[in-house]
Amino acid sequence: MMHIPTWRRVLIWLICLGGLVFALPNLFYDRVETANDARAVIETGQTNAELQADAGLWPEWMPSGLVNLGLDLRGGAHLLAEVQVEEVYAARMEAFWPEVRDALAAQRDTVGFVTREEGGDPSELRVRISEAAQAATALEIVRGLATPVTSLTGGGVNDIDVRAEGAEIVVTLSEAERAATDDRTIRQALEIVRRRIDEVGTREPTIQRQGEDRILIEVPGVGSAEEVKEIIGTTAQLTFQPVVSRTSDANESAGPNNEILPSLDEQGVFYILERNPVVTGEELVDAQPAFDQNGRPAVNFRFNPTGARAFGDYTAENIGSPFAIVLDEEVISAPVIQSHIPGGSGIITGNFTVEESTQLAVLLRAGALPAGLTFLEERTIGPELGADSIEAGKLAATVGALAVVVFMIMSYGLFGVFATVALTFNMVLIFAVLSILGATLTLPGIAGIVLTVGMAVDANVLVYERIREELKTARGPARAIDLGYEKALSAILDGNVTTLITALILFLVGSGPVRGFAITLGLGILTSVFTAIFVTRLLIVMWFERRRPKTIEV
């Protein structure tokens, strides 16, 4: 067992070397980040001589992934926004009024004249009929306009509640529809905010739902909360454009009145489109996931009257032709027009799953925020606090590492040196994995790394103590080393698996700082087990093969 196959030795050193290569950019954080930003500028075709010059500061062939610094380390903006879902209720009632008016007007001989009562609760639609005695008839007509919706309990109910108050018909959203609307509105707002902030290249923002109607937004690296509010306030570009052709060549000539745009879902596919859109996202009223006549997932959409006329005229003249749905300069779908689509509403079919159709509906609605955002909290965190935290973390890690190194060397001599080398590789591998994953490092994450420094040599201590016991039985050094690793393995795995389970539970049930601590702790456990079992053993075997000692001291 003292023999380690050549392929395993090569694999261990390759892992260590790879970890060193991927962790190295973090020693030059500012330089690599500047180079990455410059490359992004170059790739987008923008011109910035200073950044392009700085791009040469870091070789392009070198890995450039960095451990992202969290808000508490890098500084940035923290905002808590409340979504005004009541605005969506009012918009639904506003959109529903024409349907109610037309349905009742068709029965004017029975219910009389129809007028809308203004000035009340905006989430209610109050309709007055001149023939109060026919309120029951009007009630049934309006109820016939209801759309089935699945309630939270799984039962089928209508999307509206309708009641009569004398000569007035009062329409409100049902509780099930309100709950579904709240969920759709928050999801839509989250998607829009995320897309808009990601558009400016911010590294690892935190955008998540908090409570029933609030969104937490944390954006590292920006100068102020006002900058984030301006980013969120911009309007995404949504257009419906005629398709000229498809191509796999991004550099193909599109013509003077056309443009070439990439497909969002089809890698390597580009669409040549007419530059002038048929309709834009400003004319889109709604888009919802649905099912077509064959039960396949699809998306229903609806335009306002202006968009409806333009869209209806275009579809009547272009049956059998594809048209592209473009969001932020990417084609998210290019369905073929099957028939004339009057009335400003239609259905998008394709090879969708239910999840994909839901996501497409969200993207289609992402041209504008579904409701206003009220910012309840606004905080700008300066980088000075983060710099102090980083320095404190470095000091703690350095002091902890030195203490561990001194203890190991004093206790185990040369074998303690081997453990120290393994500890170095352990830290390198932690940062390499964090860089590859693009993980965000926060102050609790630094605490997890510092804790890992202390725990990293635990496995070596177990092995070395076991080797000492085996040496006392007058076994040879090779046999003692072999049995030391063999008999300590189960204790090492038991101890680290239980800690890993704790880290996993913290990650699953925790949030924010707790998750950051759990991530670095869990990664540290995995890398420390690898370095203790494989790296230190390889170092000892290589030393033993070279020196062939008759006796050893541990």
Q: Show your reasoning for whether side-chain contact (heavy atoms from CB on, under 4.5 Å) applies to V461 and M408.
A: CA-CA 8 Å; V461 170; M408 292 300 293; 4.0 Å; yes
Q. Stepwise, does the side-chain hydrogen bond (donor to acceptor under 3.5 Å, both in side chains) test hold for Y412 with E465?
A. CA-CA 9 Å; Y412 301 106; E465 290 297 327; 2.7 Å; yes
**Q.** Intermediate values then yes/no, side-chain contact (heavy atoms from CB on, under 4.5 Å), T181 and V85
**A.** CA-CA 8 Å; T181 299; V85 293; over 6 Å; no
Q.
Walk me through whether E218 and L80 qualify under side-chain contact (heavy atoms from CB on, under 4.5 Å).
A. CA-CA 9 Å; E218 292 184 341; L80 181 63; over 6 Å; no
Q) Given the rule in the side-chain hydrogen bond (donor to acceptor under 3.5 Å, both in side chains) test, do N426 and S528 qualify, once you have shown the distances and angles that lead to the verdict? A) CA-CA 6 Å; N426 179 44; S528 63; 4.9 Å; no
(Q) If you apply the rule side-chain contact (heavy atoms from CB on, under 4.5 Å), what do you find for L423 with V404, and how did you get there? (A) CA-CA 9 Å; L423 175 62; V404 169; 4.2 Å; yes
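Salt bridge absent: R214 and E212 never bring a charged side-chain N and a carboxylate O closer than 4.0 Å. Looking at D182 and R187, no side-chain N of the basic residue comes within less than 4.0 Å of a carboxylate O on the acidic one, giving no salt bridge. Ionic pairing of E469 and K472 is not present here: no N-O contact between side-chain nitrogen and carboxylate oxygen is shorter than 4.0 angstrom. Look at R379 and E226 and you find no salt bridge, because none of the NZ, NE, NH1 or NH2 atoms lies under 4.0 Å from a carboxylate O. The pair D183-R178 fails the salt-bridge criterion, with no side-chain N (NZ, NE, NH1 or NH2) lying under 4.0 Å from an Asp/Glu carboxylate O. Taking a cutoff of 4.0 Å between a charged side-chain nitrogen and a carboxylate oxygen, E470 and R466 qualify as a salt bridge.
Among residues at least two apart or in separate chains, there is no side chain to side chain donor-acceptor pair (under 3.5 Å) pair with a member in residues 498-507.
When all heavy atoms of V535 and C16 are compared, the closest pair comes out as CG2-SG, 3.9 Å. The shortest heavy-atom contact between T520 and G448 is OG1-CA, 3.5 Å. Listed here is the closest heavy atom pair of P444 and F517: O-CD1, 3.4 Å. P549 and P477 get closest at one heavy-atom pair: O-CG, 3.7 Å. When all heavy atoms of N496 and I492 are compared, the closest pair comes out as ND2-O, 2.8 Å. Looking at every heavy atom in both residues, L261 comes nearest to V331 through CB-CG2, 4.2 Å.
Under the 4.5 Å side-chain criterion, counting only non-hydrogen atoms from C-beta, V463 is not in contact with F415. Using a 4.5 Å heavy-atom threshold, the side chains of F270 and R246 count as separate. Side-chain contact between I4 and L538 is present, with at least one heavy-atom pair separated by less than 4.5 Å. Here the side chains of F425 and F534 are not in contact, with every heavy-atom distance at 4.5 Å or above. Taking the side chain as every heavy atom from C-beta outward, I15 and L429 approach each other to under 4.5 Å. Within the 4.5 Å cutoff, side-chain heavy atoms of I217 are placed close to those of I215. Taking 4.5 Å as the limit, every side-chain heavy atom of I207 sits out of range of all side-chain heavy atoms of L216. Between V228 and E378, every side-chain heavy-atom pair lies at or beyond the 4.5 Å cut-off.
In this structure, OH on Y464 lies 9.5 Å from CD1 on I481, to the nearest 0.5 angstrom. Rounding to the nearest 0.5 Å gives a distance of 6.5 Å between CD1 of I540 and CZ of F418.
Checking T374 against Q84 by side-chain atom types alone, a donor-acceptor pair falls below 3.5 Å.
Shown here is Y485, whose OH atom has more than 12 heavy atoms of other residues, nucleotides or ligands within 6.0 Å.
Within the 3.5 Å criterion, the main-chain N or O of V269 finds no donor-acceptor partner in the side chain of S263.
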